[in-house]
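By convention in this document, chain letters (A, B, ...) are assigned in the order of the sequence lines, proteins followed by strands, and residues within each chain are numbered from 1.
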Amino acid sequence: MYIFDSVKKEKLLFTPIDGNNVTLYVCGPTVYDDAHLGHAKSSLVFDLLYRVLEANGYSVTYAKNITDIDDKIIKKATELNITIDELTSKYLSAYNKDMDSLGVKRPTLEPKATESIEAMIDMIQKLIDSNHAYITSTDDVYFDTSSDNKYLSISNRHQDESDTMSRVESSSEKKNSTDFALWKGVSDDSVAYETPFGKGRPGWHLECSAMIEKHLKSENSEYTIDIHGGGADLLFPHHENEAAQSRCATKKELAKYWVHNGFVNIDGEKMSKSLGNSFFIKDALKSYSGEVLRFYLLSTNYRANFNFNEEDLIASKKRLDKLYRLKKRLYGMKIVDEKTTFKAELLEALNDDLNVSKAYALIDEMISTTNEVLDANPKDKLIKRQSLSNMEYVRELLGFGEYDAYEYFQFGISEDKKSEIESLIAQRSEAKKEKNFELSDSLRDQISELGVSIMDTANGTLWENS
RNA sequence: GGCGCUAUCGCCAAGUGGUAAGGCCGGAGCCUGCAAAGCUUCUAUCCCCAGUUCAAAUCUGGGUGGCGCCUCCA
């Protein structure tokens, strides 16, 4: 397969460091608030990458970290007058719930920062011992960026510009303006860990490097892991700094390939915590099923910015609907594994740097072909078997088609409303039987007003949420 | 100011040297009591200018527009 390396800025043939084993590390959430559509996009992109790697036969160890100790967390817990653990547990389970709704497979490892303190301390100690880090009078430990001659090679920047343009509040004890905190000294009685270099808390960038070293490192290679991923905004400074501290502590480059996903904008505007226009996943899930959201958010190139808006989402849903209508058409049949060209083409499309657009086009064509054949010959067993098997492959590889075909079209409809609809449909069927079309049409109008469209088939009248 | 991304049909969006995928919307038709669904069919020469080439949406140069990172952020 091919993936686009955002450091080398070209599409590269993917070859794992260690034979058939692949290590993938993605920067996960800081659990102090609900997850927004940006988290969804990133999780979905790397979930897809994970699935495609596995479909290629690789044995993948996929780690996504959970940041559960951090200044923002402490601030919020203090405001709410709850413990840090109460806060992070709450938002971690909310996060997992959202991810489950989106059909995101759980990573192999989900290490928490608070469970990796020792690994962080070890790494800091190494950096101090090798003069890549220094301690200030307030027990902060800074990474000395001038000690790394490859610093800024990940984000392709120049030192002078970072110096002059950096808007980071500069500590007077920093040797270079780009130096960053590995450890923040704590003098009061807030949350802190005891270390050989004083009481304090981990800095922003450290946990990823430490966790990678602890959980994923490969032994005999110039690289530590295969793929490191995250949102495009993390390229600098986060990944630059991770790469620097790892390089200096381990004498290896952190990752062989770097993959970054584009942003999600809302109606043309950047979404961010500071702008306060975050669109939470849980809110989107009130109106649309997780799979519709998944299908929509994955529908374009993962590197491009994604402009979220409801009209596009609805158009996207109509596309997914077609898959479910076919699933309905083949309802109740047993899935048998069939070798088809569709499957090979689908994997080939995704192997080309996750070309989802092409994959969607292939799915659409597969659906059309099946419908066409079934229209001509409704009893064609071969096309049914192949089509079912194809859909099963789509489900495994892309996560589309997980729901029951009938339940999918009944999303968000209450039980009361369902029985009301069923009752109206029964009345309409009676009227139709008596050829009272005036009555049956008016009943259909009533049903439409409930936001439901109906379709008469050989198997009776079916209905869908419209 | 530095670095970078991007401009394809009304909308979303592939394609990165060989003569424009797919979806949504819309028109026509088949099917249907009528519909819906499904099927058939119709709709772009790729922001502008110049250049390279037998050949460019695809490469080069110059414009113009949109966006991002450089600050916590996916």
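- Here A:R319 lies in heavy-atom contact (under 4.0 Å) with a base.
- If you measure from atom OH of A:Y331 to atom P of B:A37, you get 21 Å, rounded to the nearest angstrom.
- Here B:C70 is the nucleotide among B:A74, B:C70, B:C25 with the atom lying nearest to any side-chain atom of A:R157.
- Proximity of a side-chain donor or acceptor of A:Q245 to a complementary backbone N or O of A:H205 within less than 3.5 Å is detected.
- For the P atoms, the distance linking B:G17 with B:A13 amounts to 22 Å, nearest Å.
- In terms of polar N and O atoms assigned as donor or acceptor, the side chain of A:N156 never comes within less than 3.5 Å of the base of B:G4 in a complementary pairing.
- Note on A:K41: nothing from the nucleic acid sits closer than 4.0 angstrom, heavy atoms only.
- When the C1' atom is compared between B:C25 and B:C9, the two are found 12 Å apart, to the nearest whole Å.
- As judged by a 4.0 angstrom heavy-atom cut-off over every strand, A:S357 is placed among the base-contacting residues.
- Within 4.0 Å of A:K435, counting heavy atoms only, lies no atom of the nucleic acid at all.
- Within 4.0 Å of A:G38, counting heavy atoms only, lies at least one base atom of the nucleic acid.
- Remark: B:U45 base-pairs with no nucleotide; criterion is Watson-Crick or G-U wobble with both hydrogen-bond distances under 3.5 Å.
- The pairing partner recorded for B:G33 is none, the criterion being a Watson-Crick or G-U wobble arrangement whose two distances lie under 3.5 angstrom.
- If you check B:G68 for Watson-Crick or wobble pairing at under 3.5 angstrom, you find it paired to B:C3.
- Within the 4.0 Å cut-off from OP1 or OP2 of B:C39, at least one side-chain nitrogen or oxygen of A:S368 is found.
- We find that A:K418 and A:E422 are not joined by a salt bridge, their nearest charged nitrogen and carboxylate oxygen being 4.0 Å or further apart.
- B:U43 sits 26 Å from B:A35 when the C1' atoms are compared, rounded to a whole Å.
- With hydrogens and angles ignored, no donor-acceptor pair closer than 3.5 Å exists between the side chain of A:R325 and the base of B:A37.
- Of the candidates B:A35, B:C39, B:A14, the closest approach to any side-chain atom of A:N355 belongs to B:A14.
- A salt bridge is defined here as a Lys NZ or Arg NE, NH1 or NH2 lying under 4.0 Å from an Asp or Glu carboxylate O, and A:D353 with A:R303 meets this definition.
- Within 4.0 Å (heavy atoms only), A:A315 reaches sugar-phosphate atoms of the nucleic acid but no base atom.
- Side-chain atoms of A:T108 come within 3.5 Å of backbone atoms of A:Y62 as a donor-acceptor pair (strictly under, hydrogens ignored).
- Among the atoms of the strands shown, only primed sugar atoms or phosphate atoms (P, OP1, OP2) are found under 4.0 Å from some heavy atom of A:E365.
- The separation between A:K184 atom NZ and B:C72 atom P is 9 Å, rounded to whole Å.
- On the C1' atoms, B:U16 is 35 Å away from B:C39, given to the nearest whole Å.
- A:I454 comes within 4.0 angstrom of a nucleotide base, judged by non-hydrogen atoms across all strands.
- Shown here for A:F411 and A:L285, the closest heavy-atom pair between the two residues is CZ-O, 3.6 Å.
- As judged by a 4.0 angstrom heavy-atom cut-off over every strand, A:N301 is placed among residues touching the sugar-phosphate backbone only.
- Rounded to a whole angstrom, the distance from the C1' atom of B:A37 to that of B:U32 is 11 Å.
- If you check every strand for non-hydrogen atoms under 4.0 Å, A:V264 touches a base.
- Remark: A:K432 is not in phosphate contact with B:A35, judged by side-chain N or O atoms under 4.0 Å from OP1 or OP2.
- Rounded to a whole angstrom, the distance from the C1' atom of B:G10 to that of B:U19 is 26 Å.
- Between the P atom of B:A74 and the NE2 atom of A:H238 lies a distance of 9 Å, rounded to the nearest Å.
- Between the side chain of A:R303 and the base of B:C5, no donor-acceptor pair of N or O atoms lies under 3.5 Å.
- Residues passing the ring-ring contact (aromatic ring centres under 6.0 Å, His included) test with A:H260, sequence neighbours excluded: A:H239.
- Counting non-hydrogen atoms of neighbouring residues, nucleotides and ligands closer than 6.0 angstrom, the NZ atom of A:K417 exceeds 12 such neighbours.
- The closest donor-acceptor contact from the side chain of A:S389 to the backbone of A:Q386 lies at 3.5 Å or more, if one exists at all.
- Rounded to whole Å, the separation between the P atoms of B:A56 and B:A20 comes to 12 Å.
- Between B:G22, B:G38, B:A74, one nucleotide has an atom nearer to the side chain of A:D364 than all others, and that is B:G22.
- A gap of 46 Å separates the P atoms of B:A36 and B:A74, to the nearest Å.
- Between B:U16 and A:K11, no contact under 4.0 Å exists linking OP1 or OP2 to a side-chain N or O.
- For the segment residues 88-105 of chain A, the set of residues with a heavy atom within less than 4.0 Å of an atom of RNA chain B is empty.
- Between A:Y406 and A:Y331, the ring center distance clears the sub-6.0 Å criterion.
- If you check every strand for non-hydrogen atoms under 4.0 Å, A:N305 touches sugar and phosphate atoms only.
- In this structure, A:K41 contributes its side chain and A:N305 its backbone to no donor-acceptor pair below 3.5 Å.
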